[in-house]
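Hydrogens, waters and symmetry mates are skipped; everything else that's a heavy atom, side chains included, is used. These numbers were taken from a predicted model, which means no experiment stands behind them.
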Amino acid sequence: MVSLVLSPHRRTLRTVTAGHPGFLHRHRGEVRWVEPPPGLPLGLFPGQGDWRESEMAMPDGDGIVLFTDGLHEGRTAGGRLGEEGLLRLAGRLAHLEAQTFVDALVGGASLLAAPIGGLRDDVAVLHLSCDGGGGV
């Protein structure tokens, strides 16, 4: 699970993760991998979880891309796509608008996994961004 609070007025993103992988941050035509402080998956050790909040700047036009693990755990001819492979793919697509970026990211991961039988786990992708008018 991941919990996000996107504050368009403060231009910040607060994050708490519970066993969820990192996410992609799109900023001025570039993409980087963000790995918030890890927290135990929910229900693993009831009453013993330690979930820390992290905060990052979210200037106008920046985007956050969240996804299920089916996107980066897909097998390719070279092995598992992984976080590094997903980041490389996202970097090549960074110039695209949000919806086109998401479609191309899923399509690219699918093509890479096609020779090994395709993506076998669920894939969901969410792109969040702040616009210049203070909205989300």
T12 and M58: side chain to side chain contact (heavy atoms under 4.5 Å, CB included), yes or no, with the steps?
CA-CA 5 Å; T12 59; M58 278 291 291; 5.8 Å; no

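Considering only residues two or more places apart in sequence or on other chains, H27 meets the side chain to side chain donor-acceptor pair (under 3.5 Å) condition with D62. Remark: D103 engages Q99 in a side chain to side chain donor-acceptor pair (under 3.5 Å) (not counting sequence neighbours). Applying the side chain to side chain donor-acceptor pair (under 3.5 Å) test to E53 and every residue at least two apart in sequence or in another chain returns nothing.
Between M56 and P36, the closest side-chain pair of non-hydrogen atoms is not below 4.5 Å. L24 is not listed as a side-chain neighbour of V34, based on a closest heavy-atom distance of 4.5 Å or more. Residues H127 and I64 have side chains not in contact (no heavy-atom distance under 4.5 Å, counting atoms from C-beta outward). Residues L4 and L13 are in side-chain contact: their nearest non-hydrogen atoms beyond the backbone lie under 4.5 Å apart. Side-chain atoms of L105 and F67, non-hydrogen and from C-beta on, never get closer than 4.5 Å to each other. V125 places a side-chain heavy atom less than 4.5 Å from the side chain of V65.
Checked by atom type and distance alone, the side chain of T100 never pairs as donor or acceptor with a backbone atom of L96 at under 3.5 Å. Between the side chain of R14 and the backbone N or O of L6, no donor-acceptor pair lies under 3.5 Å. Here the side chain of T68 pairs a donor or acceptor atom with the backbone of A124 at under 3.5 angstrom.
Atoms CG and CG, on L128 and L126 in that order, are 4.0 Å from each other to the nearest 0.5 Å. Going from atom CG of L71 over to atom CD of E83 covers 11.0 Å, rounded to the nearest 0.5 Å. Within the model, atoms CG of L89 and CD of E84 stand 13.5 Å from one another, a figure rounded to the nearest 0.5 Å.
Around the CD atom of E55, the shell of radius 6.0 Å holds more than 12 heavy atoms that belong to other residues, nucleotides or ligands.
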